[in-house]
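Here is the structure we will look at, set down as structure tokens.
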Protein chains: 2
Amino acid sequence: MTNTVQKRTLKTRAKLLDAARQVVEEMGYPGLRTEEVVKRAGTAKGTFFAHFPDKDGLLDHLIGADMDGILDQMQAKTRPQTVQDLIDSLMPLVRYMGSERAVFDVIIRRSGAAAIEDIGPIAVTFERQFTLFSEWMRTPRFRQDVAPELLAEGIQAFVVQAIALNFCALHNTLDLPDRLGPYLEAWLTPGPPT
Amino acid sequence: MTNTVQKRTLKTRAKLLDAARQVVEEMGYPGLRTEEVVKRAGTAKGTFFAHFPDKDGLLDHLIGADMDGILDQMQAKTRPQTVQDLIDSLMPLVRYMGSERAVFDVIIRRSGAAAIEDIGPIAVTFERQFTLFSEWMRTPRFRQDVAPELLAEGIQAFVVQAIALNFCALHNTLDLPDRLGPYLEAWLTPGPPT
DNA sequence: ATTAGATATTGACCATGGTCATTTTTGGTG
DNA sequence: CACCAAAAATGACCATGGTCAATATCTAAT
């Protein structure tokens with residue numbers, strides 16, 4: 001019994017991803033149509049859905065790859081020493097996540113998965129974030145009364161909150177770093193307790 | 001020039017909402033089809049979209065109404081005095097928000113709006129939450145070094161985070177209140193600073 | 001080189017959300 | 001009551017994501 005991935009599979013997948021990037025470039029995420037992707041890739045529609053479970057699956061790959069690149073940059077830097085430092089380090093990721101409503105929506109939808117087998121690239125980057133942030137928190141510069149992992153999850157929560165509020169007409173008065181600042185100050189370097 | 005809302009408008013809208021509730025009852029949110037709603041309401045499809053901007057708009061109303069009811073209950077209670085107390089008060093809302101993936105997704109998508117004019121029922125309940133939580137935070141039982149409003153936004157962020165992780169295969173090991181506990185302890189009653 | 005079975009591709013087809021020009025109903029006015 | 005303009009309802013139609021039985025292609029074994 002053969003059970004190999006054929007070479008053309010990788011080629012076709014690459015063609016689809018390239019075509020998709022091109023379409024996003026030209027029409028933006030809201031203008032992305034599977035028909036158009038398939039047309040440019042020179043494949044049939046069915047091929048698309050043999051490679052990706054659905055349109056979200058494609059977006060997951062495109063956006064996940066971008067996020068992975070940003071995380072590479074972040075990982076190359078030294079551990080942030082202050083909250084301001086942390087925000088500076090976070091901003092590339094935060095700006096990307098909040099760059100478009102369509103992007104943010106996909107990221108939120110795919111940041112976790114109901115089953116292990118459909119964990120996609122974005123969900124993987126969230127695990128990477130978690131690991132990286134946990135590592136960053138292992139310093140006396142930030143509060144020591146709770147585990148670094150908990151602090152890391154909190155950072156993720158506040159990043160999402162800040163971006164979400166920034167998309168909201170009632171709350172988009174503040175710039176992203178200005179919104180993130182108070183959250184993270186309060187979370188990571190709390191003042192005197194009551 | 002007449003410029004009034006006709007009586008039948010309200011009737012039709014009520015029929016649509018009733019029909020929708022019925023369909024959700026029978027098939028759940030994932031099984032909700034506009035065709036089915038319209039059929040049961042005895043109207044044409046176009047009528048549906050004259051009353052709601054899109055399917056999400058209908059869900060916004062259904063879910064927003066539920067959340068409003070829960071907030072009524074919460075508002076009737078006295079101000080929570082401890083984190084555990086707070087969690088108990090929050091749980092009805094949290095359980096509802098996390099009851100189904102489909103419900104959570106709509107809530108997240110509609111918790112804010114890009115333009116004032118398309119703020120829907122769910123977005124309104126998020127403002128209500130914010131006001132209520134801010135009020136709850138006006139007590140020396142919780143940390144005093146940051147504004148109650150900031151604490152309130154943090155509570156919202158952690159509620160969303162807890163529910164999101166609970167839907168994720170990699171993280172759904174903890175029960176919701178057990179996940180929320182550490183977050184809110186750390187957020188509202190931080191230990192000795194570094 | 002042939003063949004068999006696994007793997008990949010195809011495109012007609014379906015399901016469903018959403019549109020809009022047309023028709024019907026409403027309620028105020030002379 | 002008859003009339004009219006605004007408001008509401010209609011349903012054929014469109015756009016687009018997704019399916020699947022049929023077909024083509026690959027690869028390994030002989």
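Below, chains carry the letters A, B, ... as their sequence lines are ordered, and counting in each starts from 1. Quantities reported herein were computed from a predicted structural model and do not represent experimental measurements.
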Starting from B:Val124, can I reach B:Ile107 by hopping between I/L/V/M/F/W/Y residues whose side chains sit under 4.5 Å apart?
no
Output the residues of residues 100-123 of chain B in contact with DNA chain C, where contact means a heavy atom of the residue under 4.0 Å from an atom of the strand; sort by number or write none.
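None, since no heavy atom is under 4.0 Å.
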Near DNA chain C, which residues from residues 13-37 of chain A have a heavy atom under 4.0 Å away?
none
Pairwise N/O distances under 3.5 Å, protein to nucleotides 21-25 of chain D:
none

Looking at A:Arg110 and A:Asp118, does any basic side-chain N land under 4.0 Å from a carboxylate oxygen?
no
Got a sec, which residues hit salt bridge (Lys or Arg N to Asp or Glu O under 4.0 Å) with A:Arg109, two or more places apart in sequence or on another chain?
A:Asp56
With sequence neighbours excluded, tell me which residues meet salt bridge (Lys or Arg N to Asp or Glu O under 4.0 Å) with A:Arg8.
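Counting only residues at least two positions away or on another chain, A:Arg8 forms no salt bridge (Lys or Arg N to Asp or Glu O under 4.0 Å).
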A:His61 and A:Phe52 aromatic ring geometry - parallel, tilted or perpendicular at 30°/60° bounds
perpendicular
Pull out every residue in residues 46-60 of chain B that has a heavy atom closer than 4.0 Å to any atom of DNA chain D, ordered by number, or say none.
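DNA chain D contact set from residues 46-60 of chain B: B:Gly46, B:Thr47, B:His51.
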Where do B:His51 and B:Arg13 come nearest, in terms of heavy atoms and distance?
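Where B:His51 meets B:Arg13 most closely, the heavy atoms are O-NH2, 2.9 Å.
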I'd like to check the side chain to side chain donor-acceptor pair (under 3.5 Å) partners of [X]; sequence neighbours left out, ordered by chain and number.
X: A:Gln156; value: A:Gln129
X: B:Asp105; value: B:Arg101
X: A:Glu35; value: A:Lys45
X: A:His171; value: B:Glu127

What is the separation between atom NZ on B:Lys45 and atom C1' on D:dA15, rounded to the nearest whole Å?
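After rounding, the reported distance stands at 12 Å.
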What is the separation between atom NZ on B:Lys39 and atom P on D:dG11, rounded to the nearest whole Å?
15 Å
Would one find a side-chain N or O of A:Thr43 under 4.0 angstrom from OP1 or OP2 of C:dT9?
no
With side-chain hydrogen bond (donor to acceptor under 3.5 Å, both in side chains) as the rule and sequence neighbours excluded, what pairs involving residues 85-98 of chain A come up?
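Counting only pairs at least two positions apart or across chains, the side-chain hydrogen bond (donor to acceptor under 3.5 Å, both in side chains) contacts touching residues 85-98 of chain A are A:Asp66-A:Tyr96, A:Gln84-A:Asp88.
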Under 6.0 Å from the ring centre and within 45 degrees of the ring axis: does the NZ or CZ of B:Arg143 meet both conditions for the six-membered ring of B:Trp187?
yes
Rest of the hydrophobic cluster containing A:Phe130 (Ile/Leu/Val/Met/Phe/Trp/Tyr, side-chain heavy atoms under 4.5 Å)?
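A:Phe130 shares its hydrophobic cluster with no other residue.
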